[in-house]
Participant: 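Got a structure for you, questions after.
Here the structure is a predicted model, which is why all the values come from computation and not from measurement.
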Amino acid sequence: MAEDPQRNFRSAYYEKVGFRGVEEKKSLEILLKDNPLDVEKLSTFSQRFPLPSMYRIHVWKVLLGILPPHNDSHSLVGGYRREQYQDVLEALKVMRFVHMATPQTQVYLRMFQLESQVLPRRSDTLPPDEEDEDFLSIARAMEEIVEDPMDCYWLIKSFVNQFNNKFGDSIPHLPKSLEHYLSVEEPRLLNHLKNTGALAMLPYSLWFRRCFAGCLPESSLQRVWDKVISGSCKILVFVAMEILLSYKIMVMGNSRPEGVVNILCNVSDVIIIGGSVRISWRFETFLLCLPITLLCFLLYYQMPQENTDAIVTKAIDLWHKYCGTPMHSV
């Protein structure tokens, strides 16, 4: 479809006065009026723009196959999903796998295991393994985004299944992708990570298996998941890279253990302003002896929202820079 000059003028004007999402919201509303919905166009839109919060869950349901493309069937299918949720939950209660005091995320895990035919016998129940912990991390994050337990379970289940089926073979290669793009953007930082042995200690499981669940606040995380759900796991690489770039000063420090005590005594000297780390001269001297173990702790630790919003925005820009911007017309 040919570009509309008037529409482009409006878009530029809205962006100039601080209403960047106005035209995008209108475009999405037009897409959502299609019957049947064009899933490919919705995917392209989600990759190109952030989803408005009022439509995000609905679009996720369509992209994950929880709801069909035909709008007329949404109510009927939604009813079937709720019945299935209740049936599985009731079965677990009858088998005494869950009870009133069971944490909701544990309930979701048992439901997922039952539907996947991997539910252990009660006598064989063991602490969660690594794969279960990945599921629970995603479940805890989704629980903060979605209020309705039934919707929450279906989104967790569909997200995990789609991610494993679609990207399972790609995940082991993401650390190498991170290394490649980091060599282009910041080779000195990469060399430092290699020379100190920190590159092998980075929290790849947290970043690439849990899709940053437990690392980013949900308001930032859902913008990353927009891209994952719409078909790209490569966005995870650029979020990881932007985290490293944002904490470059800390990461470039040495690893003398005596720096730990000094840092813990002077953490108030670190101030996060507009997505960047600002440090006092006094704290900067302590960063020069920052140990690798503390660096990895900082990378695992959940960062504040005011910082991560900027990190995700920059990561998406880098993703578009290296992977291109999908074309979309309404």
Side-chain angles (χ1 to χ4, degrees), residues 43-44 46-50 163 166-213 215-216 220-221 223-255 272-279 284 287-288 290-301 303 306-328:
S43 296
T44 303
S46 302
Q47 297 225 345
R48 190 173 181 187
F49 306 112
F163 186 79
K166 195 169 187 178
F167 305 125
D169 294 337
S170 302
I171 299 306
H173 304 291
L174 294 187
K176 277 296 180 184
S177 293
L178 173 61
E179 186 176 336
H180 167 71
Y181 290 115
L182 200 55
S183 71
V184 177
E185 287 289 321
E186 192 54 66
R188 286 182 62 247
L189 177 57
L190 176 61
N191 288 335
H192 178 77
L193 291 171
K194 286 182 175 179
N195 293 336
T196 58
L199 189 64
M201 298 173 64
L202 295 178
Y204 295 122
S205 178
L206 173 69
W207 288 349
F208 302 147
R209 292 298 313 176
R210 302 181 186 181
C211 303
F212 293 94
C215 175
L216 300 176
S220 302
L221 181 66
R223 294 170 57 206
V224 177
W225 285 6
D226 286 346
K227 314 308 178 189
V228 176
I229 289 172
S230 60
S232 173
C233 68
K234 211 61 172 294
I235 183 63
L236 302 175
V237 171
F238 294 100
V239 176
M241 182 165 72
E242 190 55 45
I243 289 174
L244 288 169
L245 294 176
S246 297
Y247 287 91
K248 176 184 171 182
I249 295 176
M250 293 183 178
V251 174
M252 292 294 286
N254 290 324
S255 57
I272 299 175
I273 304 175
S276 300
V277 177
R278 302 288 187 260
I279 58 176
E284 187 172 6
L287 291 178
L288 295 177
L290 187 66
I292 294 302
T293 52
L294 185 62
L295 285 176
C296 291
F297 170 77
L298 289 170
L299 293 171
Y300 270 107
Y301 188 72
M303 294 166 285
E306 59 268 25
N307 200 32
T308 57
D309 284 346
I311 286 174
V312 170
T313 298
K314 292 176 184 177
I316 292 173
D317 289 342
L318 283 171
W319 176 60
H320 284 156
K321 171 184 173 182
Y322 286 103
C323 300
T325 303
M327 298 304 296
H328 171 74

Participant: Taking atom OH of Y322 and atom CG of D317, what is their separation to the nearest 0.5 Å?
Facilitator: 12.5 Å
Participant: Work out which heavy atom in T308 is nearest to a heavy atom in S220; give both atom names and the distance.
Facilitator: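 Looks like OG1-OG, 2.8 Å.
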Participant: State which residues pass side chain to side chain contact (heavy atoms under 4.5 Å, CB included) with S230; sequence neighbours excluded, sorted by chain then number.
Facilitator: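 Expected list: S43, S46, Q47, L63.
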Participant: Could you report the tightest heavy-atom contact between L244 and L189, atom names first, then the distance?
Facilitator: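 Residues L244 and L189, closest heavy atoms: O-CD2, 3.8 Å.
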Participant: Enumerate the residue pairs fulfilling salt bridge (charged side-chain N to carboxylate O under 4.0 Å, His left out) with a member in residues 174-184, sequence neighbours excluded, ordered by first and then second residue.
Facilitator: K176-E179, E179-K194
Participant: Return the CG to CZ distance between L245 and F238, rounded to the nearest 0.5 Å.
Facilitator: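 One finds 11.0 Å between CG of L245 and CZ of F238.
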Participant: Of all the heavy-atom pairs spanning I235 and A315, show the shortest one and how long it is.
Facilitator: CD1-O, 4.2 Å
Participant: Closest heavy-atom contact between S183 and L190?
Facilitator: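 Closest pair (atom of S183, atom of L190, distance): CB-CD2, 3.5 Å.
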Participant: Quick one: are C233 and V228 in side-chain contact, heavy atoms under 4.5 Å?
Facilitator: no
Participant: Sequence neighbours left out, what passes side chain to side chain contact (heavy atoms under 4.5 Å, CB included) with H173? Give chain and number order.
Facilitator: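 With neighbours one apart ignored, the set is empty.
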Participant: Test: salt bridge (charged side-chain N to carboxylate O under 4.0 Å, His left out). Region: residues 223-240. Which pairs qualify, not counting sequence neighbours?
Facilitator: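 Every pair satisfying salt bridge (charged side-chain N to carboxylate O under 4.0 Å, His left out) with a residue in residues 223-240: R56-D226.
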Participant: Applying ring-ring contact (aromatic ring centres under 6.0 Å, His included), name anything that partners F167, two or more places apart in sequence or on another chain.
Facilitator: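 By the ring-ring contact (aromatic ring centres under 6.0 Å, His included) rule, F167 matches F163.
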Participant: Under the side-chain hydrogen bond (donor to acceptor under 3.5 Å, both in side chains) test, which residues partner S232, sequence neighbours left out?
Facilitator: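 Per chain and number, S232 pairs via side-chain hydrogen bond (donor to acceptor under 3.5 Å, both in side chains) with W319.
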Participant: Going by the rule side-chain hydrogen bond (donor to acceptor under 3.5 Å, both in side chains), which residues pair with R210 if we only count those two or more places apart in sequence or in a different chain?
Facilitator: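 R210 satisfies side-chain hydrogen bond (donor to acceptor under 3.5 Å, both in side chains) with D134, S137 only.
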Participant: My understanding is that only residues two or more places apart in sequence, or in another chain, count here; which of them pass salt bridge (charged side-chain N to carboxylate O under 4.0 Å, His left out) with K321?
Facilitator: E185
Participant: Heavy atoms only: give me the nearest M241-L318 pair and the separation to one decimal.
Facilitator: CE-CD1, 3.7 Å
Participant: Does any non-hydrogen side-chain atom of L193 lie less than 4.5 Å from one of L182?
Facilitator: yes
Participant: Looking at I171 and R209, what are the two nearest heavy atoms and their distance?
Facilitator: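 In this case the closest contact between I171 and R209 is CG2-CD, 3.6 Å.
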Participant: List for me each residue that meets side chain to side chain contact (heavy atoms under 4.5 Å, CB included) alongside A240, sequence neighbours excluded, and say none if there are none.
Facilitator: L178, W207, F208, F212
